[in-house]
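Note sheet for the following structure.
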Amino acid sequence: MKITVLAGGVGGAKFLRGLRQHLRETLPDGRGGTTAVVTVVVNTGDDLWLTGLRVCPDLDSIMYTLGGANDEVRGWGRLGESERVSAELTAYGVGWPWFTLGDLDLGTHITRSHLLRQGLTLSEATAEITARWNLGVTLLPMSDQPVETHVVVADDGAAGAGGSDTRTDTRTGTRTMHFEEWWVHYRASLPALRFEQHGLESATAAPGVVQAILDADVVLVAPSNPVVSIGTILPVPGILEALQTTAAPVVGVSPIISGSPVRGMAKACLDAIGVPVAADAVGLHYGSRSGAGGGFLDAWLIDESDAALASGIEAAGIRVSVVPLWMSTVELATALAADALAAARPALAV
Ligand code: GDP
Ligand code: CA
């Protein structure tokens, strides 16, 4: 069985850990792994150059989580992390003091930057870096070209956080900054006027991405941020078209439960694109593959607390499964992954 998953960072990682566990239990290969082939198309819109290093937050969140090296309590980064190098960088006045690069994490960024400077593409570098971790899945960046998410806000005359990419346009009264500056430094508190994907015009999907969607037996859309994780993968040339034309059923999992983004600041992102923070609204935003609206979903998983929303989603031509969506333990994430595959089954030819 070939499964292709679209994912952002932390939400995607939690879902993937459950999926891997479910597949190890139901399709074991006899060596502790699974016979299923899982390919993950990962958002790289958060990526940035910082102190000369290429940082890929979502790729690394998934890698550390599936590699068993993530900090469960903090929710991101490496377990047992220290920050001595970051303190030195701050003393030198380089980098972003509020964007801590942990010492262990820096090992990944240095390795990646080294490989990129040797001429490897991001997908080649990712294959080299992930080889160490025995993830049980293949991580593909959505694109080998940088397609960085930037956020346009009203220019309030503030000095800004010193982001190298920050630009002020006095004509329109706006300020544009890298997504990570808006998200981490400002905690998404500056109302976003819009999101821009810098580099999209010259980007292509990374090798294997479109094929992985077209060749899959099932495509899963992880409960990731609909705007700045899934929403940044979709416009990469070829990806939305592949979702719409693949013979595989496309099943999405709502990242919204009871009108809340569970954890994190996704509300600020949805507000910016005018989509209510609701499980039905996000499903309808992704849209039905069978309708004329250019959507890509066959089925959508919503939480039991949102059961009343099912009929409105089904009226739009999207099958709905009402199941527990909380992934607070690996067991719950495993059950959720099983439910997502079960939702694909009516259309599965396997
Ligand atoms: P990021 O790149 O690290 O922000 O991570 P993602 O984009 O992959 O996922 C973030 C989103 O995951 C959040 O906005 C939440 O909506 C969603 N999320 C987090 N935990 C859960 C959970 O337990 N269940 C569900 N259904 N969604 C979750
Ligand atoms: Ca992210």
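Every number for a ligand or one of its atoms is a count from 1 in the order of the listing.
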Would you mind writing out a table of all protein N or O atoms found under 3.5 Å from any N or O atom of ligand 1, naming both atoms and giving the distance to 0.1 Å?
{"residue": "ligand 1", "atom": "2 (O)", "partner": "Gly9", "partner atom": "N", "Å": "2.9"}
{"residue": "ligand 1", "atom": "2 (O)", "partner": "Asp58", "partner atom": "OD1", "Å": "3.1"}
{"residue": "ligand 1", "atom": "2 (O)", "partner": "Asp58", "partner atom": "OD2", "Å": "3.4"}
{"residue": "ligand 1", "atom": "3 (O)", "partner": "Val10", "partner atom": "N", "Å": "2.8"}
{"residue": "ligand 1", "atom": "5 (O)", "partner": "Gly9", "partner atom": "N", "Å": "3.3"}
{"residue": "ligand 1", "atom": "5 (O)", "partner": "Val10", "partner atom": "N", "Å": "2.9"}
{"residue": "ligand 1", "atom": "5 (O)", "partner": "Gly11", "partner atom": "N", "Å": "3.4"}
{"residue": "ligand 1", "atom": "7 (O)", "partner": "Asn225", "partner atom": "N", "Å": "2.8"}
{"residue": "ligand 1", "atom": "7 (O)", "partner": "Ser229", "partner atom": "OG", "Å": "2.6"}
{"residue": "ligand 1", "atom": "8 (O)", "partner": "Gly9", "partner atom": "N", "Å": "2.9"}
{"residue": "ligand 1", "atom": "8 (O)", "partner": "Gly11", "partner atom": "N", "Å": "3.2"}
{"residue": "ligand 1", "atom": "8 (O)", "partner": "Gly12", "partner atom": "N", "Å": "2.9"}
{"residue": "ligand 1", "atom": "8 (O)", "partner": "Ser224", "partner atom": "OG", "Å": "2.7"}
{"residue": "ligand 1", "atom": "9 (O)", "partner": "Gly11", "partner atom": "N", "Å": "3.2"}
{"residue": "ligand 1", "atom": "12 (O)", "partner": "Pro223", "partner atom": "O", "Å": "3.0"}
{"residue": "ligand 1", "atom": "16 (O)", "partner": "Pro255", "partner atom": "O", "Å": "2.6"}
{"residue": "ligand 1", "atom": "16 (O)", "partner": "Pro261", "partner atom": "O", "Å": "3.0"}
{"residue": "ligand 1", "atom": "20 (N)", "partner": "Lys14", "partner atom": "NZ", "Å": "3.0"}
{"residue": "ligand 1", "atom": "23 (O)", "partner": "Met327", "partner atom": "N", "Å": "2.8"}
{"residue": "ligand 1", "atom": "24 (N)", "partner": "Leu325", "partner atom": "O", "Å": "2.8"}
{"residue": "ligand 1", "atom": "26 (N)", "partner": "Ser254", "partner atom": "O", "Å": "2.9"}
{"residue": "ligand 1", "atom": "26 (N)", "partner": "Leu325", "partner atom": "O", "Å": "3.3"}

Distance-only polar pair, side chains of Glu196 and His198, donor-acceptor under 3.5 Å: yes
Audit row: Thr176, Asp169, side chain to side chain contact (heavy atoms under 4.5 Å, CB included) steps and yes/no: CA-CA 8 Å; Thr176 306; Asp169 185 338; over 6 Å; no
Listed once per pair and sorted, the side-chain hydrogen bond (donor to acceptor under 3.5 Å, both in side chains) pairs that draw on residues 236-248, sequence neighbours left out: none
Listed once per pair and sorted, the side-chain hydrogen bond (donor to acceptor under 3.5 Å, both in side chains) pairs that draw on residues 247-269, sequence neighbours left out: Ser258-Ser305, Lys267-Asp271
For Ile3, the option from Asp217, Thr34, Leu341 that meets side chain to side chain contact (heavy atoms under 4.5 Å, CB included): Leu341
side-chain contact (heavy atoms from CB on, under 4.5 Å) against Thr121, all qualifying residues, sequence neighbours excluded: Ser123, Glu124, Asp144
Degrees at the Ca ion (ligand 2) between the OD2 atom of Asp46 and the OD2 atom of Asp58, nearest 10°: 100°
